[in-house]
Amino acid sequence: MSSKKYTKKTAKSIHQTRRKNYLFRRKIVLGLLIIALLGTGLYLKQSITYYYALYFNKFTHKKLENSEKETLRIQKIISNNLDKTYGFDISHYQNQEDIKWDSLSIGNKTIPLDFVVMRATMGNRSADKHFDDFWQQAIKHNLIRGAYHFYRADEDPIIQANNFLENVKLESGDLPPILDIEKIPRRKSNKKLIEDLKIWCKIVEETYGEKPIIYTYYHYYKDFLKGEFDDYPLWMANYNDVPTPSPDDQWDFWQFSEKGIVYGINTKVDLDVYNGGIWSLKRMTLD
């Protein structure tokens, strides 16, 4: 039998076919390697994040201290309310780099913080410069979020309500909107102040279908607001050595210290306790 002869054209065709097959096999192997790397990356995501933070994103916790009196007062409140839910509130007074969001706790790291309330807007036009970042960090780390408007007593309630609504987009699982009122008007009567606060609340309530939470100090509530907002959730600040923020009124949240020391935050913050367990707090959130 005579040996088979190949023309240059045939040899070139065979070479091209082999090259195509080689490149095809190479793409398959490369694709499998990429899939394997992605799968390994997802599987080891937590470990990778941990070691990255360990070596490249170190968080040095500052040593913060309170007076002995304040330390004992905070300890007493916490020990008397171990069945309740704890959180904190922040604004642009806290720097973004001062918060390590994945390790927030109090009571020698024994009590996790389950919610965070942050200032969103102030008065007619102002907005907190850290709000957007804090808002995203909170949801990323599975904290129940709340946003509040700092009410300026001499400014327009309608413009203030619209300022809040333009800057805050509450979602399912967030706390109802919060109104922070703690200043006395200089150019309005107290009666006019109450009227204006109810206008703000009505506009915001119509948007979200939930009554806003009213934040204020104990004496401010007693002197100006008591009897006017009895059917609204109440968040009361009282930093005295007392068993509850108010001896006479029902309350939902108590801001019990403005000098709170939190593991994971390199500055003192306001500490809060919700008057109930975590599931009760979740039922309070927006649908």
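Positions are given from 1, in the same order as the sequence printed here.
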**Student:** Can you list everything that forms a salt bridge (charged side-chain N to carboxylate O under 4.0 Å, His left out) with Glu166? Sequence neighbours excluded, please.
**Tutor:** none
**Student:** Any chance you could pull the hydrophobic cluster mates of Leu72, using side-chain heavy atoms under 4.5 angstrom and chaining through other members?
**Tutor:** none
**Student:** Look only at the side chain of Ser126 and the backbone of Thr121, and say whether a donor-acceptor pair between them is shorter than 3.5 Å.
**Tutor:** no
**Student:** Step through the shown structure and confirm whether more than 12 heavy atoms of other residues, nucleotides or ligands are within 6.0 Å of CG on Asp287.
**Tutor:** no
**Student:** Is there a chain of hydrophobic side chains (I, L, V, M, F, W, Y, each step under 4.5 Å between heavy atoms) that links Trp279 to Leu281?
**Tutor:** yes
**Student:** Take atom NZ in Lys69; do more than 12 heavy atoms of anything else shown fall under 6.0 Å from it?
**Tutor:** no
**Student:** Is it the case that atom NZ in Lys183 sees more than 12 heavy atoms from other parts of the structure closer than 6.0 Å?
**Tutor:** no
**Student:** For Lys202, enumerate each residue passing the side-chain contact (heavy atoms from CB on, under 4.5 Å) test, keeping only those at least two apart in sequence or located in another chain.
**Tutor:** Glu206
**Student:** According to salt bridge (Lys or Arg N to Asp or Glu O under 4.0 Å), does anything in residues 120-143 pair up with another residue at least two apart or in another chain? List the pairs.
**Tutor:** Arg119-Asp128
**Student:** Applying salt bridge (charged side-chain N to carboxylate O under 4.0 Å, His left out), can you list everything that pairs with Lys198, at least two apart in sequence or on another chain?
**Tutor:** Glu228
**Student:** Do you reckon Leu113 sits in the same ILVMFWY cluster as Ile139, going by side-chain contacts under 4.5 Å, direct or chained?
**Tutor:** no
**Student:** Starting from Ile213, can I reach Leu179 by hopping between I/L/V/M/F/W/Y residues whose side chains sit under 4.5 Å apart?
**Tutor:** yes
**Student:** Thinking salt bridges, do Lys268 and Glu258 make one under a 4.0 Å N-O criterion?
**Tutor:** no
**Student:** Throw together a table of side-chain donor-acceptor distances under 3.5 angstrom for residues 237-248, partners on residues two or more places apart or in other chains.
**Tutor:**
residue : atom : partner : partner atom : Å
Asn238  : OD1  : Asn240  : N            : 3.0
Asn238  : OD1  : Asn240  : ND2          : 3.0
Asn238  : ND2  : Pro245  : O            : 2.9
Tyr239  : OH   : Gln255  : OE1          : 2.3
Asp241  : OD1  : Lys76   : NZ           : 3.1
Asp241  : OD2  : Lys76   : NZ           : 3.4
Thr244  : OG1  : Ser246  : O            : 2.9
Ser246  : OG   : Asp248  : N            : 3.3
Ser246  : OG   : Asp249  : N            : 3.2
Ser246  : OG   : Asp249  : OD2          : 2.7

**Student:** Ring pair (Phe, Tyr, Trp, His ring centres under 6.0 Å) with Tyr263: which residues, sequence neighbours excluded?
**Tutor:** His61
**Student:** Determine yes or no for a side-chain-to-main-chain donor-acceptor pair under 3.5 angstrom, with Asp156 supplying the side chain and Ile158 the backbone.
**Tutor:** yes
**Student:** Does Glu155 offer a backbone N or O that forms a donor-acceptor pair with the side chain of Asn124 under 3.5 Å?
**Tutor:** no
**Student:** Not counting sequence neighbours, which residues clear salt bridge (charged side-chain N to carboxylate O under 4.0 Å, His left out) with Lys188? List them please.
**Tutor:** Asp196
**Student:** Of all residues at least two apart in sequence or in a different chain, which pass the ring pair (Phe, Tyr, Trp, His ring centres under 6.0 Å) check with Phe229?
**Tutor:** Tyr232
**Student:** Counting distance only, does the side-chain N/O of Asn163 pair as donor-acceptor with the main-chain N or O of Gly123 below 3.5 Å?
**Tutor:** yes
**Student:** Any chance CG of Asp230 has more than 12 other-residue heavy atoms, nucleotides or ligands included, within less than 6.0 Å?
**Tutor:** yes
**Student:** Between Lys211 and Glu205, is there a side-chain N and carboxylate O pair less than 4.0 Å apart?
**Tutor:** yes
**Student:** Ring centres under 6.0 Å, that's the criterion: do Phe164 and Trp200 meet it?
**Tutor:** yes
**Student:** Taking the side chain from Asn81 and the backbone from Lys84, do they hold a donor-acceptor pair closer than 3.5 Å?
**Tutor:** no
**Student:** Do Tyr217 and Ile184 sit in the same hydrophobic cluster, where Ile, Leu, Val, Met, Phe, Trp and Tyr count as joined when their side-chain heavy atoms come under 4.5 Å apart?
**Tutor:** yes
**Student:** Per the ring-ring contact (aromatic ring centres under 6.0 Å, His included) rule, what does the pair list look like for residues 65-99, sequence neighbours excluded?
**Tutor:** none
**Student:** May I ask you to check whether His130 and Gln94 show a side-chain donor-acceptor distance below 3.5 Å?
**Tutor:** no
**Student:** Can any side-chain N or O of Asp98 pair as donor or acceptor with the backbone N or O of Ile265 at less than 3.5 Å?
**Tutor:** no
**Student:** Okay, side chain of Asp174, backbone of Leu170: is any donor-acceptor separation there less than 3.5 Å?
**Tutor:** no
**Student:** Holding to ring pair (Phe, Tyr, Trp, His ring centres under 6.0 Å), I want the full list of residues that pass it with Tyr221, two or more places apart in sequence or in another chain.
**Tutor:** none
**Student:** Please round to the nearest 0.5 Å and tell me the distance separating atom CE of Met284 and atom OG1 of Thr85.
**Tutor:** 11.5 Å
**Student:** List for me each residue that meets salt bridge (charged side-chain N to carboxylate O under 4.0 Å, His left out) alongside Asp180, sequence neighbours excluded, and say none if there are none.
**Tutor:** none
**Student:** Is a donor from one side chain sitting under 3.5 angstrom from an acceptor on the other, for Lys100 and Asn266?
**Tutor:** no
**Student:** Using modelled atom types only, decide if a donor and an acceptor are shared between the side chain of Ser280 and the backbone of Gly276 within a distance under 3.5 Å.
**Tutor:** no
**Student:** Show your working on side chain to side chain donor-acceptor pair (under 3.5 Å) between Trp235 and Asp272 and close with a plain yes or no.
**Tutor:** CA-CA 9 Å; Trp235 177 16; Asp272 306 284; 3.0 Å; yes
**Student:** Under 4.5 Å between side-chain heavy atoms, hopping through other hydrophobics if needed: is there a path connecting Leu64 to Phe256?
**Tutor:** no
